[in-house]
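All values derive from a computational prediction rather than experimental measurement.
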Amino acid sequence: TKHDKLVHCLNPAYGLKDPRWIIEYLEYHKAIGVEHVHVYNVDMHSPEVQATLQMYRDEKFITRHDWSDHASGGYTTKKTYEHAKWAAQTDCALRSRGVYDYALFSDIDEIAVGDDGSLSKAMDMCDNAKQQRGIIACSFNSNTVSSIFTKLNDEEEMAIQDKLILERYNRIEAK
């Protein structure tokens, strides 16, 4: 089924060091049908993460917004995360209005999971509600993977260093 256009509004992310996490996150969402991601960059991530974000910018899959403390005049600090989050969501919704039909909002430790490896069933429900009842918004729950910032000791880190984020943290979330 051909669905309407879907944008992902990624809430502000702090201190990413390993580019594997953002690569997996973006590729996963691309695979489930997201056409574009707005990334709200709060702080200067590692040079490797910055290079990765630039690669996705070059292929026009992401738009990076400087959501740093400096750029916002002190509004989007770690202490004011919820302000930064709601402001980013509002910004993304306004930027996407008229360009995309649906927007997915989540933190970097949340993923949208579809029954068939995509969001097609969820999008079908949204499309049907729009066509049959005139509903113009659709909401469903995301699944929290776990904090990607969980501190691991050296032994734990070595044991899972080559795993994907979904594998890497599933045991932590299970606790």
Side-chain angles (χ1 to χ4, degrees), residues 2-114 118-120 122-123 125-127 129-130 134-149 165:
K2 170 72 175 107
H3 290 291
D4 294 326
K5 292 169 48 169
L6 176 65
V7 66
H8 179 16
C9 301
L10 178 59
N11 287 332
Y14 299 88
L16 294 175
K17 304 285 184 241
D18 188 336
R20 294 179 299 171
W21 290 332
I22 195 71
I23 292 168
E24 180 182 353
Y25 188 87
L26 293 172
E27 291 298 326
Y28 173 83
H29 284 87
K30 187 187 293 185
I32 63 170
V34 170
E35 292 187 27
H36 192 77
V37 180
H38 284 275
V39 175
Y40 290 82
N41 202 51
V42 173
D43 63 4
M44 295 307 289
H45 304 302
S46 72
E48 295 83 8
V49 170
Q50 292 293 6
T52 300
L53 291 173
Q54 185 60 50
M55 179 189 72
Y56 283 102
R57 286 174 72 193
D58 291 346
E59 64 182 48
K60 309 249 186 284
F61 183 64
I62 71 165
T63 300
R64 181 188 169 271
H65 304 283
D66 184 356
W67 222 243
S68 67
D69 178 33
H70 176 71
S72 70
Y75 184 75
T76 59
T77 66
K78 286 185 182 181
K79 292 179 183 175
T80 62
Y81 176 73
E82 290 303 320
H83 293 289
K85 179 178 174 176
W86 294 117
Q89 289 178 353
T90 300
D91 180 78
C92 189
L94 291 173
R95 288 176 189 271
S96 301
R97 186 179 56 182
V99 178
Y100 296 93
D101 299 296
Y102 293 104
L104 172 66
F105 298 89
S106 72
D107 292 330
I108 198 160
D109 64 347
E110 299 170 335
I111 57 169
V113 179
S118 73
L119 293 180
S120 63
M123 295 300 292
M125 290 180 2
C126 292
D127 288 344
K130 184 177 180 182
I135 303 296
I136 60 169
C138 184
S139 175
F140 50 91
N141 293 331
S142 63
N143 292 312
T144 299
V145 176
S146 185
S147 174
I148 62 170
F149 303 110
I165 194 170

Output every pair passing salt bridge (Lys or Arg N to Asp or Glu O under 4.0 Å) with a member in residues 50-62, not counting sequence neighbours, ordered by first then second residue.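 Salt bridge (Lys or Arg N to Asp or Glu O under 4.0 Å) check on residues 50-62 returns K30-E59.
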
Could you list the residues that satisfy side chain to side chain contact (heavy atoms under 4.5 Å, CB included) with A51, not counting sequence neighbours?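 For A51, no residue satisfies side chain to side chain contact (heavy atoms under 4.5 Å, CB included) once neighbours in sequence are set aside.
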
Only counting residues at least two apart or in another chain, list the ones meeting side chain to side chain contact (heavy atoms under 4.5 Å, CB included) with A71.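 Only D66, S68 meet the side chain to side chain contact (heavy atoms under 4.5 Å, CB included) criterion with A71.
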
Would a distance-only check, ignoring hydrogens and angles, find a side-chain to backbone donor-acceptor pair under 3.5 Å from [X] to [Y]?
X	Y	answer
Y40	C92	yes
S96	V99	no
W67	A84	yes

Who passes ring-ring contact (aromatic ring centres under 6.0 Å, His included) against H29, sequence neighbours left out?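 Scan of H29 (ring-ring contact (aromatic ring centres under 6.0 Å, His included), adjacent residues dropped) gives H8, Y25.
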
With Y56 via side chain to side chain donor-acceptor pair (under 3.5 Å) - residues at least two apart: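 If we apply the side chain to side chain donor-acceptor pair (under 3.5 Å) test to Y56, skipping adjacent residues, the hits are E27.
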
Listed partners of T90 passing side chain to side chain donor-acceptor pair (under 3.5 Å), at least two apart: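 T90 satisfies side chain to side chain donor-acceptor pair (under 3.5 Å) with no other residue.
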
All salt bridge (charged side-chain N to carboxylate O under 4.0 Å, His left out) counterparts of E48, not counting sequence neighbours: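 Residues passing salt bridge (charged side-chain N to carboxylate O under 4.0 Å, His left out) with E48: none at all.
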
Contacts of type salt bridge (charged side-chain N to carboxylate O under 4.0 Å, His left out), residue R95, not counting sequence neighbours: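 By the salt bridge (charged side-chain N to carboxylate O under 4.0 Å, His left out) rule, R95 matches D91.
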
Look up atom [atom1] in [X] and atom [atom2] in [Y], then write down how far apart they are to the nearest 0.5 Å.
X	Y	atom1	atom2	result
C126	D101	SG	CG	11.0 Å
F105	K85	CZ	NZ	11.5 Å
H36	C9	NE2	SG	9.5 Å
I22	T52	CD1	OG1	8.5 Å

Exactly one of L104, V7, L10, L26 should register a side chain to side chain contact (heavy atoms under 4.5 Å, CB included) with V34. Which one does?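 Answer after filtering L104, V7, L10, L26: L104.
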
Taking atom CE as the centre, does M125 end up with more than 12 heavy-atom neighbours from other residues, nucleotides or ligands that are less than 6.0 angstrom away?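 Check fails, neighbour count at 12 or below.
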
Compare all side-chain heavy atoms of H38 with those of T63 and state whether any distance is below 4.5 angstrom.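 With C-beta onward as the side chain, the pair touches.
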
N11 and Q89, any side-chain heavy atoms less than 4.5 Å apart: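 Contact flag for Q89/N11 side chains = yes.
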
